[in-house]
Amino acid sequence: MKRKILSILSMMLIILIASCSNKTSSSSNTEKGKDDTIVIGCMALNAEAVEEIKRLMENEGYKMEVKIFDGNNLPALALSANEIDGLILNHKPWIDTFNKANNSHLVLVDGFKYASLNALYSSKHKTVEDIPDNAVITISNDPSNMDRGLRFLEKLGLLKLGEKTGEFYTMIDIKENPKNIKFLEVETTSTAGSYADADATITFSSVMKNAGFDAHSYIVEDGEYNNFPTGLVVNSGNENSQWAKDIVKVTQTEEYKNKFNEIFQGAYIIY
């Protein structure tokens with residue numbers, strides 16, 4: 001009798017899980033119209049520009065809500081769980097890495113792209129050559145940005161990398177470290193927090209501006225911003241929805257571009 005009850009309960013659980021799965025899957029691809037509220041996630045560092053998109057979308061007859069998160073990965077987690085409809089925050093290599101790690105299907109919508117400069121900043125030293133032995137350098141701890149930072153330091157002659165042991169360069173791939181540089185690994189949006197204490201910081205110009213520093217005060221930037229585009233990210237299946245196309249459309253207006261440049265003063269480059 002107990003076995004029969006357990007069997008029935010197991011079948012009910014399987015049906016319930018399947019039902020929830022189908023519901024989640026269908027909700028991610030449901031076309032939203034102007035009577036629905038579109039929720040877009042971001043962080044405080046770019047919220048003002050996303051609020052401008054909201055204003056322009058409301059002029060087009062849409063309802064839009066801007067949801068501000070306090071962690072770099074939180075909007076992507078919310079989007080993959082269908083808790084929001086899109087995000088404007090992370091660059092494409094970061095999103096691609098997130099998809100692999102989380103079995104998600106987030107895509108960057110064509111047409112709206114901008115990027116932040118990635119650069120070496122220092123409050124203590126004026127040139128790369130001034131960076132001393134045993135220096136402490138702050139670097140992002142997520143895979144794609146750490147890879148970019150380490151390749152940047154190799155380009156500057158501060159270290160030499162060996163063969164990759166995985167998809168991205170990590171600390172274990174450093175072959176030569178002649179200055180015995182120490183690394184402070186932190187979340188990307190926290191990299192400016194150690195600017196005054198570390199010998200140097202590899203961070204984004206947008207992060208520096210958001211922390212109250214001069215975004216253009218870097219020693220040198222890596223010149224790779226074209227390879228790291230940011231824009232509207234949605235769940236696969238929504239990239240061709242009318243609301244996504246209309247978000248892209250309003251970002252292509254001179255009105256939006258002028259406001260974008262006014263807000264960021266070159267900390268982000270729209271292209």
Side-chain angles (χ1 to χ4, degrees), residues 24 28 40-46 50 67-120 137-155 159 161-174 183-193 201-207 210 221-239 244 268-269 271:
T24 300
S28 66
I40 303 297
C42 64
M43 287 187 69
L45 60 86
N46 68 330
V50 182
K67 186 169 184 178
I68 301 173
F69 293 84
D70 61 3
N72 192 51
N73 66 324
L74 297 182
L77 289 170
L79 179 56
S80 63
N82 297 308
E83 295 170 0
I84 60 176
D85 299 299
L87 69 85
I88 299 174
L89 178 66
N90 310 103
H91 57 61
K92 188 177 184 302
W94 191 97
I95 291 294
D96 291 342
T97 303
F98 178 88
N99 282 337
K100 291 178 182 177
N102 295 275
N103 194 30
S104 56
H105 304 280
L106 311 185
V107 296
L108 179 67
V109 179
D110 288 336
F112 169 44
K113 293 180 181 178
Y114 69 92
S116 183
L117 299 179
N118 190 52
L120 183 72
I137 295 181
T138 306
I139 192 169
S140 295
N141 63 5
D142 67 89
S144 62
N145 285 322
M146 178 178 286
D147 175 281
R148 185 178 182 181
L150 291 174
R151 288 187 293 102
F152 186 26
L153 290 173
E154 182 178 48
K155 182 179 177 181
L159 54 81
L161 298 169
E163 293 293 324
K164 287 183 184 177
T165 53
E167 183 179 357
F168 298 99
Y169 281 116
T170 67
M171 295 300 167
I172 63 174
D173 299 319
I174 297 174
F183 293 97
L184 177 60
E185 303 173 37
V186 300
E187 198 268 338
T188 297
T189 55
S190 300
T191 45
T201 299
I202 296 176
T203 189
F204 292 104
S205 51
S206 55
V207 173
N210 191 59
E221 59 103 1
D222 70 3
E224 291 193 22
Y225 73 88
N226 279 319
N227 299 322
F228 293 83
T230 298
L232 174 64
V233 174
V234 299
N235 279 301
S236 178
N238 284 335
E239 63 270 31
Y268 281 117
I269 300 170
Y271 61 101

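Along the sequence shown, the residues carry numbers beginning at 1. For the numbers below, each heavy atom of this structure counts, side chains included, while hydrogens, waters and symmetry mates do not.
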Pairing donors with acceptors under 3.5 angstrom, does anything connect the side chains of D142 and N145?
yes

So if I apply the side-chain contact (heavy atoms from CB on, under 4.5 Å) rule between R148 and each of F228, W94, Y169, which one comes out positive?
F228

Could you report the tightest heavy-atom contact between M43 and L89, atom names first, then the distance?
CG-CD2, 3.6 Å

The reported gap from CD1 in I88 to OG1 in T230 (rounded to nearest 0.5 angstrom) is 10.0 Å

Closest non-hydrogen atom pair, E221 against L117:
OE1-CD2, 4.0 Å

Heavy-atom nearest pair, T203 first then T188, reads OG1-O, 4.3 Å

F98 and L79, any side-chain heavy atoms less than 4.5 Å apart:
no

Should F204 and L45 be marked as a side chain to side chain contact (heavy atoms under 4.5 Å, CB included) after you check the CA-CA gap, both sets of side-chain angles, and the distance that decides it?
CA-CA 11 Å; F204 292 104; L45 60 86; over 6 Å; no

Quick one: do E83 and K67 satisfy salt bridge (charged side-chain N to carboxylate O under 4.0 Å, His left out)? Show the steps, please.
CA-CA 11 Å; E83 295 170 0; K67 186 169 184 178; 5.5 Å; no

Verify side chain to side chain contact (heavy atoms under 4.5 Å, CB included) between V234 and V107, making sure each step is shown before the conclusion.
CA-CA 6 Å; V234 299; V107 296; 3.9 Å; yes

Closest heavy-atom pair and its distance - I84, P75
CD1-O, 3.5 Å

Minimum-distance pair of heavy atoms, taken over all atoms of L232 and G86:
CD1-CA, 4.5 Å

Between N235 and N82, does any side-chain donor sit less than 3.5 Å from a side-chain acceptor?
yes

Rounded distance [0.5 Å steps], CG in L77 versus OG in S104
8.5 Å

Starting from the C-alpha separation in whole Å, work towards a yes-or-no answer on side chain to side chain contact (heavy atoms under 4.5 Å, CB included) for M171 and L150.
CA-CA 8 Å; M171 295 300 167; L150 291 174; 4.2 Å; yes

Spatial distance of atom CG (L120) from atom OG1 (T138) [nearest 0.5 Å]:
10.0 Å

Working to the nearest 0.5 angstrom, can you tell me the gap between L74 CG and L87 CG?
11.0 Å

Does R151 form a salt bridge (charged side-chain N to carboxylate O under 4.0 Å, His left out) with D147? I'd like the steps, not just the answer.
CA-CA 6 Å; R151 288 187 293 102; D147 175 281; 2.7 Å; yes

Show your reasoning for whether side chain to side chain contact (heavy atoms under 4.5 Å, CB included) applies to F152 and I139.
CA-CA 11 Å; F152 186 26; I139 192 169; over 6 Å; no

Does the side chain of S144 come within less than 4.5 Å of T97's, by heavy atoms?
yes

What is the minimum heavy-atom distance between E167 and K164, and which atoms define it?
O-NZ, 3.3 Å

d(S140 OG, L184 CG) to nearest 0.5 Å is 10.5 Å

I202 and D222, any side-chain heavy atoms less than 4.5 Å apart
no

Does a side-chain heavy-atom distance below 4.5 Å link D173 with F168?
no

Got a sec: does the CG of N102 have more than 12 other heavy atoms crowding it under 6.0 Å?
yes

In terms of heavy-atom contacts, does CG of D70 have more than 12 from other residues, nucleotides or ligands at under 6.0 Å?
no

Go through the side-chain N and O atoms of S116 and S206 and say whether any donor and acceptor fall under 3.5 Å apart.
yes

Give, for atom CG of N90 and atom CG of N72, the distance between the pair rounded to the nearest 0.5 Å.
5.0 Å

